[in-house]
A.B. asks: 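Sharing a structure below in structure tokens format, with a few things to ask.
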Protein chains: 2
Amino acid sequence: MPGAPSHSTNRTAAIADALRNAIIERAISPGTRLPEDLIGKQFGVSRTIVRAAIAQLVSEGLVDQRPNRSATVIKPSWEDANDTFDLRIAVEDLVVSRLAGTLTPDQVQVLRDHVELEEQARKAGDEPKSIRLAGEFHSLLAEMTDSPILIRYMRELASRCCLILSLFSRPHSSDCAVAEHRELIDLLESNDVEIARRAMNHHLSAVVNRALIKPAAKKPDSIADILAIYAPTAGDA
Amino acid sequence: MPGAPSHSTNRTAAIADALRNAIIERAISPGTRLPEDLIGKQFGVSRTIVRAAIAQLVSEGLVDQRPNRSATVIKPSWEDANDTFDLRIAVEDLVVSRLAGTLTPDQVQVLRDHVELEEQARKAGDEPKSIRLAGEFHSLLAEMTDSPILIRYMRELASRCCLILSLFSRPHSSDCAVAEHRELIDLLESNDVEIARRAMNHHLSAVVNRALIKPAAKKPDSIADILAIYAPTAGDA
DNA sequence: TGGGATTTGTTCGTATGTATT
DNA sequence: GAATACATACGAACAAATCCC
């Protein structure tokens, strides 16, 4: 359950977690509206709670909200996807820099155990779970830095990257992740920060390249986009 | 007004902005409690609004909140300060990479005008304003990337960095920032991404080094900290 | 240790604004 | 184009937890 401060206020956090998981695993598709009282009835809580939970998800960047309109699940554009991954690569580089050569044997074991879970999910063919676990591996790394700020940002970015992968990736695109994660652990155990950083960078770039193939033709998904193409001037309003 | 989505819901955003500015300029000191009722009366709104505003600030990392306790202004530790700046350096590196050689003359002018304001504030000896404007310079850069995600994270980090600088920096520590900002603009105008990146990195490192001198002796600021030193075992509970 | 004052957690009713037929 | 249905915005009040004396 990445992104969820478990020490959180109230039922609010539970609702937020539920919605977050549903969003990340794409059980709720991007663009779907999230009316407060519908969700409230579904979970048996009042609108107030739902309101707070949605506010939380908005702050994590998983949900869009505009005045007097229903909140909706974000619908990342291809550019958003790339920006998010670029940011994640930068943050993760920081994480690796701190971690390389400082991991305790216990921590290494935790990581290896987690990768074991990833392998099982992959073998079972559970794609959404694979993606989620792969994301959690990186959250786990961030947690080992013991830096609240790095942890928070990494969780947030990992959540969004999960959603993006669910959205854009083709089947089996995470097949190789397990081997790469194992290699990363090996490198983190060593003292060579630079090699570990390069490996992580390479790993994430590979994930992006496997998943985020730029669509051959831009497919506009709204009337406005279509009209924009035929507009006499390239105005944007 | 960095960090403030101006298209925001309601008065909520206005309250959040007011509190944010007060926090950043250290008009409200770190650790200060923020009772919903009191703030509501102060601004003439109900607790609901205040609640939402505080939630927003919590999500930006400027305010701490724990169940059944008053929200408080964050009190960044020296480690937090360093983590935040490290993260900022990473994000800003990304911003510069995108920006170098792509700025339009108009954008360059906007930046130069802003630096002019910085210089005026510096000459007027208005330290908090100087710090705030220096932060806004970097938010401005982020906005020119046209990437909503980069913009959001940069604003958030800039806010926190402002608070940290207000907290830890000694007088006149931002004296040289103006010249460095001018140099950055020159480099961004050129096409050499690598040189611009190095310059930004150097600039931010310089800011950190000027401001975040590690305190010679750790000065504990709570009874708990003091007692911890004398505790028979190094227990943390 | 205990009790009262303060503050948050939560619900629900009403008002206001948006979308749709 | 207007009326209706629907969803959010906001506020007042009650219950529960915490803090302070």
Side-chain angles (χ1 to χ4, degrees), chain A residues 4-19 22-23 28-60 62-75 221-224, chain B residues 4-19 22-23 28-60 62-75 221-224 227 237:
Chain A
S6 55
H7 62 290
S8 177
T9 315
N10 271 325
R11 276 168 292 177
T12 301
I15 309 288
D17 289 349
L19 287 175
I23 291 172
I28 313 179
S29 342
T32 305
R33 295 184 355 149
L34 304 169
E36 293 174 0
D37 56 4
L38 185 144
I39 297 173
K41 272 171 187 134
Q42 196 72 20
F43 288 100
V45 298
S46 91
R47 296 199 318 267
T48 309
I49 311 292
V50 178
R51 213 177 164 65
I54 286 181
Q56 174 66 31
L57 295 176
V58 169
S59 86
E60 291 173 19
L62 286 176
V63 166
D64 265 342
Q65 197 173 32
R66 298 167 56 187
N68 293 317
R69 287 221 176 24
S70 286
T72 59
V73 177
I74 56 158
K75 210 175 187 174
D221 50 5
S222 82
I223 304 283
Chain B
S6 55
H7 61 291
S8 176
T9 316
N10 272 325
R11 275 167 293 179
T12 300
I15 309 287
D17 289 349
L19 288 175
I23 291 172
I28 313 178
S29 342
T32 306
R33 295 186 357 149
L34 303 170
E36 297 171 359
D37 225 358
L38 186 145
I39 296 173
K41 270 168 189 139
Q42 196 72 21
F43 289 99
V45 297
S46 96
R47 276 180 47 212
T48 309
I49 312 290
V50 178
R51 222 176 154 65
I54 286 181
Q56 174 67 31
L57 295 175
V58 169
S59 87
E60 291 174 20
L62 286 176
V63 166
D64 265 342
Q65 197 173 31
R66 298 168 55 186
N68 290 317
R69 289 219 174 28
S70 289
T72 59
V73 177
I74 58 157
K75 210 177 191 172
D221 49 5
S222 81
I223 303 283
L227 291 182

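The structure presented is a predicted model; accordingly, all values stated were derived computationally and were not measured.
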A.B. asks: Atom CG of A:N68 to atom P of D:dA9: distance rounded to whole Å?
C.D. replies: 5 Å

A.B. asks: Shortest non-hydrogen contact from A:A71 to A:I54?
C.D. replies: CB-CG2, 3.7 Å

A.B. asks: Does the side chain of A:R11 get closer than 4.0 angstrom to OP1 or OP2 of C:dT10 through an N or O atom?
C.D. replies: yes

A.B. asks: If you check the B:E36 side chain, which of C:dG9, C:dA19, D:dA9 turns out closest?
C.D. replies: C:dG9

A.B. asks: Quick one, A:V63 with A:I23, criterion side chain to side chain contact (heavy atoms under 4.5 Å, CB included). Give me CA distance, side-chain angles, the key distance, then yes/no.
C.D. replies: CA-CA 9 Å; A:V63 166; A:I23 291 172; 3.8 Å; yes

A.B. asks: Rounded to whole angstrom units, what separation is found between the NZ atom of A:K41 and the P atom of C:dC12?
C.D. replies: 11 Å

A.B. asks: Closer than 4.0 Å, any side-chain N/O of A:R51 to the OP1 or OP2 of D:dA7?
C.D. replies: no

A.B. asks: Could you tell me the separation between the CZ atom of A:F43 and the C1' atom of C:dT10, rounded to a whole number of Å?
C.D. replies: 18 Å

A.B. asks: Using a cut-off of 4.0 Å on non-hydrogen atoms, how would the nucleic acid contact of B:R47 be classed: base, sugar-phosphate, or nothing?
C.D. replies: base

A.B. asks: Return the nearest nucleotide to the side chain of B:P35; candidates are D:dA9, C:dT10, C:dT8.
C.D. replies: C:dT8

A.B. asks: Closest to the A:D37 side chain: C:dT7, D:dT18, D:dA7?
C.D. replies: D:dA7

A.B. asks: Figure out the CD1/P separation between A:I15 and C:dG9, and round it to whole Å.
C.D. replies: 16 Å

A.B. asks: With nearest nucleotides of DNA chain D determined for A:L38 and B:V45 from heavy-atom distances, which residue corresponds to the more 5′ nucleotide?
C.D. replies: A:L38

A.B. asks: Could you go through B:L19 and B:I28, starting from their C-alpha distance and side-chain angles, then the distance that decides it, and tell me whether this counts as side chain to side chain contact (heavy atoms under 4.5 Å, CB included)?
C.D. replies: CA-CA 8 Å; B:L19 288 175; B:I28 313 178; 4.2 Å; yes

A.B. asks: Provide, to the nearest angstrom, the distance between the CD1 atom belonging to B:I49 and the P atom belonging to D:dA12.
C.D. replies: 11 Å

A.B. asks: Rounded to the nearest Å, what distance is computed from the CZ atom of residue A:R66 to the C1' atom of nucleotide C:dA19?
C.D. replies: 13 Å

A.B. asks: Reckon A:R69 has a side-chain N or O less than 4.0 Å from the OP1 or OP2 of D:dC6?
C.D. replies: no

A.B. asks: DNA chain D: B:R33 or B:T48, which has the more 5' nearest nucleotide?
C.D. replies: B:T48

A.B. asks: To check you understand the geometry: which heavy-atom pair defines the closest contact between B:P35 and B:S70, and what is its length?
C.D. replies: CA-OG, 4.5 Å

A.B. asks: When all nucleic acid strands are considered with a 4.0 Å heavy-atom cut-off, which category describes B:S70: base, sugar-phosphate, or nothing?
C.D. replies: sugar-phosphate

A.B. asks: Could you tell me if the side chain of B:T72 sits less than 4.5 Å from the side chain of B:L34, heavy atoms only?
C.D. replies: no

A.B. asks: Without decimals, in angstroms, what is the distance between B:Q42 CD and C:dT7 P?
C.D. replies: 14 Å

A.B. asks: Let me know the distance between CD of B:Q65 and P of C:dT7, rounded to the nearest Å.
C.D. replies: 15 Å

